[in-house]
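For reference, the structure discussed in these notes is given below.
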2 protein chains.
Amino acid sequence: MPTIKDVAKLAGVSTATVSRAMMNPEKVSEKTRLKVELAVAESGFSPNVIARNLRRSESKTIVVIVPDIANMFFASIVRGIQQVALNNGYKVLLGDSIHTVEQAKAYMDLVRSKQADGIISLTAELPMEIRQGTEIPMVMACEYFPGFPIPTVRIDNRGSAKRAVDYLLDIGHSRIGCITGPMENPICVDRKAGYQDGLQQVNIESDEAAFEDGDFSFQSGYSAFMRLHQQYAMTALFCFNDMMALGAMKAATQLGIKVPQDLSIVGFDDLLFAEYTNPELTTIRQPQEDIGKTAANTLMKILQGGKANQDTIVPTQLLVRASCTSPKK
Amino acid sequence: MPTIKDVAKLAGVSTATVSRAMMNPEKVSEKTRLKVELAVAESGFSPNVIARNLRRSESKTIVVIVPDIANMFFASIVRGIQQVALNNGYKVLLGDSIHTVEQAKAYMDLVRSKQADGIISLTAELPMEIRQGTEIPMVMACEYFPGFPIPTVRIDNRGSAKRAVDYLLDIGHSRIGCITGPMENPICVDRKAGYQDGLQQVNIESDEAAFEDGDFSFQSGYSAFMRLHQQYAMTALFCFNDMMALGAMKAATQLGIKVPQDLSIVGFDDLLFAEYTNPELTTIRQPQEDIGKTAANTLMKILQGGKANQDTIVPTQLLVRASCTSPKK
DNA sequence: ATAATTGATGTAATCCGTTACATTTTGTGC
DNA sequence: GCACAAAATGTAACGGATTACATCAATTAT
């Protein structure tokens, strides 16, 4: 592999001039620029970016921490991040933390060791240290910690959940089951509050028997419904994500409960498959790619030394599809 | 950020000794090792990996090129890769090529510019140059080019497709539609050949009207079935992936065609949701995580200077679920 | 006891661009 | 044609680790 020295020799100039010709073309004369370009082409020179990064002490790389790469919810967000990052000359290192704090910490250390410039975390399962602030340029997306000194990009979880429940109430339901996510997760607390807001508004008392915990997986939705079905008579079900909604739908079908005739189901996220379930799934749409782009833009701003919004809330949308109908009289 | 010099001063030794104490502890005396460790802890030193990489001229990073990160099929493969990479001290840079050769090339350039040591490509949409061999350490997974000098990890597409068709024939079907992928893709050619092998074995003539192309997306499965339904009377359908199978299932349902009573459907891949469709989808299981691990192990071997198997074929499995039944008499 | 070997440590070159500073060239104004 | 400013280019330090080689001390063999 040729180095900048080879190019310099070939072009008959100094390495400094070669560097300038490539980085700040306006700083060299037309003539030498052409000489250099020719020499670059002839030698097939490609700069060693590691050396550049060392000198500049930046890596032009950001790390995205996802708690579970196999969870489809994160895919489109990552794509959004990637687009913005690429446009700004950054690469994206994807880190699957597998829901462990240690892994997340390992990825955060990449910034300390200068291998990455900043982090976008799609999980709140992070080391405690950062609770009291961190020098690491960092943005959280989707998840958050209340009172956390890190910019976030997320949705109005409480309002969105209320929106879903309002819809079910509107079409006549009053006994609405709820499959939550892990309740130590703040966004789940918010969504549960939103669910309760909805009921409260029409003076229905919230019943603890209406809740079952899931962990956002298909499987957990399935088993949560199996439990819920035994403890709570309902005509509608609100799930904290689409995967659990699909799991619940399978469980209901197995139990001979017809969706939507006997049970209306609302999900959350609007994953790609939501339009292809049978029946099609009514859900709260999160603009995943937008969330990714916004988070990436926020991080870019921070990396350029600017101050970023502390919190950006992106809008959601209720998508009414075939999985809901009015309850039978 | 403290550097190795600071640590050296603090420990009262040379930088060389500090470096040795950390990299080859057996090369320094017990006593100095402890001094150094203490100094490292006290100063909070974390080595600048960029500097190390420059000196060593390696980056301990591999790039994974996926054609579409939002396609769930790749998620588990990436996870498998990531596990092996991490165990070997490598980071994973995820590159979404968005089905474009230019993007793929940009990611390949990371190796030339020393930002990455090797590549695992999950797509065959790569620059032509590599057809005649490449110096870049590289492995392809899932996809491949026939007669391509790059190690691959993949399944027996032809045999697996035949297996699916054999099953449908076994349970009594003889008119079997087929939704393919893009036919410029060699794995699609193989699967089509497998389909035809199956029919030929029982002396059924292959009918071009039985085929419709898709592009592996939900949407394309839906529209392909809408077209296919008009041109070919069938009792069973074989789709080249699960997403298209689900799209086709939706189309059939909308047309009043009952699955599996009126139409049996077999997919391909066994994505996570395949068990949760309604009815549950019969499919060919690809061991995605294994494919990822094997590909990563192969690349590791290459990076260590070893010779890797040219091709590794991993086994698939037919998973019989509820989306198939014998045709009505 | 002395030479030879082994082990521990230090010195300084090296990886390859970038960039502050010095120097030379070119250009402008009078 | 001269003085001076501006533009172009060169020289060399620098980033922060690793490592070949040199040096010195301790151990072993003879």
Side-chain angles (χ1 to χ4, degrees), chain A residues 1-40 43-61 89 91 109-117, chain B residues 1-40 43-61 89 91 109-117:
Chain A
M1 255 297 149
T3 72
I4 201 171
K5 267 191 193 161
D6 302 317
V7 177
K9 198 177 298 174
L10 205 62
V13 297
S14 72
T15 63
T17 302
V18 174
S19 177
R20 278 189 286 253
M22 304 191 72
M23 304 283 298
N24 308 76
E26 76 282 2
K27 292 220 165 183
V28 303
S29 72
E30 178 80 7
K31 209 172 53 183
T32 45
R33 212 195 61 227
L34 290 174
K35 271 196 300 186
V36 170
E37 277 169 7
L38 201 73
V40 167
S43 63
F45 169 70
S46 167
N48 182 320
V49 179
I50 296 283
R52 170 184 302 164
N53 290 345
L54 174 59
R55 180 60 223 249
R56 294 267 198 83
S57 70
E58 66 180 11
S59 62
K60 288 284 179 184
T61 301
K91 285 139 285 173
D109 282 340
L110 292 177
V111 177
R112 290 210 182 77
S113 59
K114 290 286 163 59
Q115 295 177 91
D117 296 342
Chain B
M1 255 295 150
T3 73
I4 200 170
K5 267 190 193 162
D6 302 318
V7 177
K9 197 177 299 175
L10 205 61
V13 297
S14 72
T15 61
T17 301
V18 175
S19 177
R20 279 188 288 254
M22 304 190 71
M23 305 283 298
N24 309 78
E26 76 283 2
K27 291 219 166 182
V28 303
S29 71
E30 179 79 8
K31 209 173 50 181
T32 44
R33 211 195 61 228
L34 290 173
K35 269 196 303 187
V36 171
E37 278 170 6
L38 201 73
V40 167
S43 63
F45 169 70
S46 166
N48 181 321
V49 179
I50 297 281
R52 171 184 299 163
N53 290 346
L54 173 59
R55 179 58 222 244
R56 292 269 198 82
S57 69
E58 63 180 14
S59 62
K60 288 286 181 183
T61 301
K91 284 139 285 174
D109 283 340
L110 293 177
V111 177
R112 291 211 181 76
S113 58
K114 292 286 165 60
Q115 296 177 89
D117 296 343

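Quick note on labels: first sequence line is chain A, next is B, and so on, each numbered from 1. Quick caveat, the model's predicted, so the values are computed rather than measured.
- Within the structure, the salt bridge (Lys or Arg N to Asp or Glu O under 4.0 Å) test picks out the following pairs touching residues 21-31 of chain A (sequence neighbours left out): A:Glu30-A:Arg33.
- For A:Ser43 (side chain) and A:Ala39 (main-chain N/O), a donor-acceptor pair under 3.5 Å exists by modelled atom type.
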Dump the pairs, protein N or O against N or O of nucleotides 7-14 of chain C, anything under 3.5 Å, distances to one decimal.
from, atom 1, to, atom 2, distance (Å)
C:dT9, OP1, B:Ser29, OG, 3.2
C:dT9, OP1, B:Thr32, OG1, 3.2
C:dT9, OP2, B:Ser29, N, 3.0
C:dT9, OP2, B:Thr32, OG1, 2.9
C:dG10, OP2, B:Ser14, N, 2.8
C:dG10, OP2, B:Ser14, OG, 3.1
C:dG10, OP2, B:Thr17, OG1, 2.6
C:dG10, N7, B:Arg20, NH2, 2.8
C:dG10, O6, B:Arg20, NH1, 3.2
C:dT14, O2, B:Arg55, NH1, 2.7

Output side-chain donor-acceptor pairs under 3.5 Å for residues 110-117 of chain A, partner residues at least two apart or in another chain, one line each.
from, atom 1, to, atom 2, distance (Å)
A:Arg112, NH1, A:Asp109, OD1, 2.7
A:Ser113, OG, A:Asp109, O, 3.1
A:Ser113, OG, A:Leu110, O, 3.4
A:Ser113, OG, A:Gln115, NE2, 2.9
A:Gln115, OE1, B:Lys91, NZ, 2.3
A:Asp117, OD1, A:Ser59, N, 2.8
A:Asp117, OD1, A:Ser59, OG, 2.9
A:Asp117, OD2, A:Ser59, N, 3.3
A:Asp117, OD2, A:Lys60, N, 2.8

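- Here C:dC15 presents its C1' atom at 4 Å from CG of B:Leu54, a figure rounded to the nearest Å.
- Considering all non-hydrogen atoms of both residues, A:Val7 and A:Val36 come closest at CG1-O, 4.4 Å.
- Of all the heavy atoms in A:Ala8 and A:Thr15, the pair that sits closest is CB-N, 3.8 Å.
- Applying the side-chain hydrogen bond (donor to acceptor under 3.5 Å, both in side chains) rule to pairs touching residues 48-57 of chain B yields B:Arg56-B:Glu58, sequence neighbours excluded.
- Each of B:Met22 and A:Arg52 was matched to the nucleotide of DNA chain D holding its nearest heavy atom; the match closer to the 5' end belongs to A:Arg52.
- A nucleotide of DNA chain D counts as in contact with chain A when one of its atoms lies under 4.0 Å from a heavy atom; the first and last such, 5' to 3', are D:dA8 to D:dG16.
- B:Thr3 comes within contact range of the sugar-phosphate backbone alone, with a heavy-atom separation under 4.0 Å but no base atom that close.
- Rounding to whole angstrom units, CD1 of residue B:Ile50 and C1' of C:dC15 are separated by 13 Å.
- Side-chain atoms of B:Ile4 and B:Pro47, non-hydrogen and from C-beta on, never get closer than 4.5 Å to each other.
- Following rounding to the nearest Å, A:Arg56 (CZ) and C:dG17 (C1') show an atom-to-atom distance of 9 Å.
- Here salt bridge (Lys or Arg N to Asp or Glu O under 4.0 Å) pairs that include residues 2-25 of chain A, with residues two or more places apart or in two chains, number zero.
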